[in-house]
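Written out below as structure tokens is the structure these notes cover.
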Amino acid sequence: MSKIVVKFGGSNLKSKNDLGKILNVIEQYKQQVIIVVSAFYGITDFLASRINQCLEERFDVNEIINDLRKKNEKIILENFEDIYLIRKTINQVDEVIVELEKFFLGIHYIKEIPEFLEDQILSSGEKISSIILHSLLESKGIRSELIFPEELPLITDGEFRNATVDFKASEKKVREKLSGSHTYVIPGFYGVSPSGKITLLGRGGSDYSAASIAKCVQADFLDIWKDVDGFMTGDPKLVENPVRLDKITYTEAAELAYFGAKILHPRTVEPLMEAHIPIRLFNINGILDNTQPVSYVNSEEVVMDGVVKSVTYSDEFCIIKLRGPGVGIKPGILAKVTGGLGKEKINISSVITSQIAINILLHNKDRSRALSVIKNIELPAVNEIITLDDISLIAVVGQGMLDNHGVAARIFSAIARQKINIKISSSGASQGVSYLVVDRENRTLAVREIHNEFFSN
Ligand code: ASP
Ligand code: MG
């Protein structure tokens, strides 16, 4: 039987009428749907900040728990009429909250947070939202079943905070578990390790959960509902007259997500590419028509005039630069550095080398850990390690860029027009992206100018 996996994110779970909108959407589907939900907006951040409070002395577990109870009861009271269902749902949510209370007390007493517990706490937001959505569907007479990832089970490689789904271990069981013809509701954001521990799929990982489930059940589509207009030629907050992209390829979507576009989690396309399952993006605030996606992602290449499809940016990167005469040609340096960072599970986003410098691009959040790892590696050829902070990475994405040499020239001359200095640039890592690094203070102007260059008409 054909199925569609439908994902609702935190941005669809923000204000009073949002559950009503979601209900509307679900009622429109004519095919069977498997629903994957994120936590209510801000809840994961809330839980993360309360973990820190418990670790530091600023701790009042009662306050945290009351806060959570109040938030959820408000949502339930706003959306349910039947008193019996209200009670039942509040009780069900309370089971999760009572468990959280024990965890928070535990970490307060031991003044430490074991990795497995952090993942378990942070996964609670999704458990709660899925319980509430499931009850709401029942209240409207939509037969549905609530299933947690541990019951599927969606097995991962066991890495806490940032796990990868193990399809060999998951696929068959998940498909069997979801073989009914009714609606399913599943919390996103996590799977379980081979030994059954909750492992998060990275921040914003519900998209990746949904994609993984779509692959397991061989869904016809992965539908992702947002509160914005899908992929655009540029960030509407930054550029003039950005245009919506009706169609983009998996690779383009992945590059855009990887380099900062907040539309999709960067790993979403991974499970879908091989299985050829298209992603359809919908705007819940647009025309509520689930036959008309705002952006459609699959493997079909659509080459635009000028090749470039979108320009995106991220302020979340920094560069660690290793300098020394000949570092670029001495064998073994890079291996030592990447090996050391790999051991610490620090992800390197890109490496660019020259004769006298190795530039390692990584996320700001890993900066200090990476620096201390690198400083502890014996690197005789390196005589200086510096970091470039307050930078922005600008990525220009479009399939076929490498075959069109004029494209790079246009990007560079756009930047040159504004007399902006490019600190580093790279293209060729994939067919579909060129990126450059500029000082943060020049980012907006640079993005605007590149966008103008390619899309002003
Ligand atoms: N709630 C999780 C987060 O905020 C996962 C998600 O929203 O996709 O990171
Ligand atoms: Mg998200």
Side-chain angles (χ1 to χ4, degrees), residues 5-15 18-19 21-22 34-52 67-68 71-72 75 93 96-97 100 103 113 115 117-134 148-150 154 156 159-165 185-192 198-215 222-228 230 253-254 256-258 260-272 279 281-282 284 297 314 316 347 363-366:
V5 172
V6 182
K7 187 251 168 180
F8 297 100
S11 66
N12 303 131
L13 292 158
K14 210 184 213 166
S15 22
D18 284 353
L19 278 171
K21 285 188 201 165
I22 289 180
I34 296 172
I35 301 164
V36 176
V37 268
S38 295
F40 284 100
Y41 186 78
I43 287 295
T44 314
D45 286 336
F46 172 87
L47 292 169
S49 72
R50 295 315 181 264
I51 289 176
N52 289 333
D67 230 19
L68 267 174
K71 280 188 205 304
N72 288 300
I75 294 169
V93 169
V96 181
I97 297 182
L100 275 174
F103 296 153
I113 171 109
E115 281 184 311
L117 203 52
E118 185 168 8
D119 281 29
Q120 195 154 349
I121 292 177
L122 295 183
S123 70
S124 306
E126 271 69 10
K127 287 188 180 158
I128 292 173
S129 60
S130 62
I131 289 171
I132 295 177
L133 180 60
H134 169 251
F148 286 171
E150 53 268 48
L154 189 67
T156 69
E159 187 178 329
F160 294 110
R161 293 306 292 267
N162 201 21
T164 298
V165 173
V185 181
I186 304 171
F189 192 29
Y190 72 94
V192 288
I198 284 181
T199 46
L200 300 180
L201 301 171
R203 286 305 306 269
S206 300
D207 290 343
Y208 177 46
S209 314
S212 301
I213 292 168
K215 177 184 164 84
L222 167 62
D223 286 0
I224 296 187
W225 287 80
K226 317 263 331 165
D227 66 343
V228 291
L256 283 171
Y258 188 70
K262 296 271 185 282
I263 290 287
L264 278 188
H265 185 271
R267 302 194 68 179
T268 315
V269 305
E270 252 174 59
L272 304 174
I279 305 171
L281 290 165
F282 295 93
I284 208 158
V297 188
S314 171
E316 286 169 16
N347 185 35
H363 270 270
N364 285 331
K365 67 173 172 34
D366 296 325

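Computed from a predicted model, the values in this text were never measured in an experiment. Both ligands and their constituent atoms are indexed starting at 1 by order of listing.
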Any N/O of E126 closer than 3.5 Å to an N/O of ligand 1? yes
Could you tell me which residues satisfy side-chain hydrogen bond (donor to acceptor under 3.5 Å, both in side chains) with D366, sequence neighbours excluded, listed by chain and number? R369
Say whether, by atom type as modelled, one donor and one acceptor occur between the side chain of Y41 and the main chain of G9 under 3.5 angstrom. no
Taking atom types as modelled, is there a side-chain donor on T164 or R267 under 3.5 Å from an acceptor on the other? yes
Partners passing side-chain hydrogen bond (donor to acceptor under 3.5 Å, both in side chains) against N12 (at least two apart in sequence or in another chain): none
Within a distance under 4.0 Å of any heavy atom of R203, pick out the atoms of ligand 1 and give their elements. 3 (C), 4 (O), 9 (O)
Are G188 and ligand 1 in contact, using a heavy-atom cut-off of under 4.0 Å? no
Does an N or O anywhere in G204 fall below 3.5 Å from an N or O of ligand 1? yes
Among I22, L19, D223, D18, exactly one meets side-chain contact (heavy atoms from CB on, under 4.5 Å) together with F8. Which residue is that? I22
Counting only nitrogen or oxygen atoms and a 3.5 angstrom limit, does K7 reach ligand 1? no
Looking at S38, which atoms of ligand 1 are within less than 4.0 Å of one of its heavy atoms? 6 (C), 7 (O), 8 (O)
Nearest neighbour of atom 6 (C) of ligand 1 from the list S206, G9, G42, on a heavy-atom basis: S206
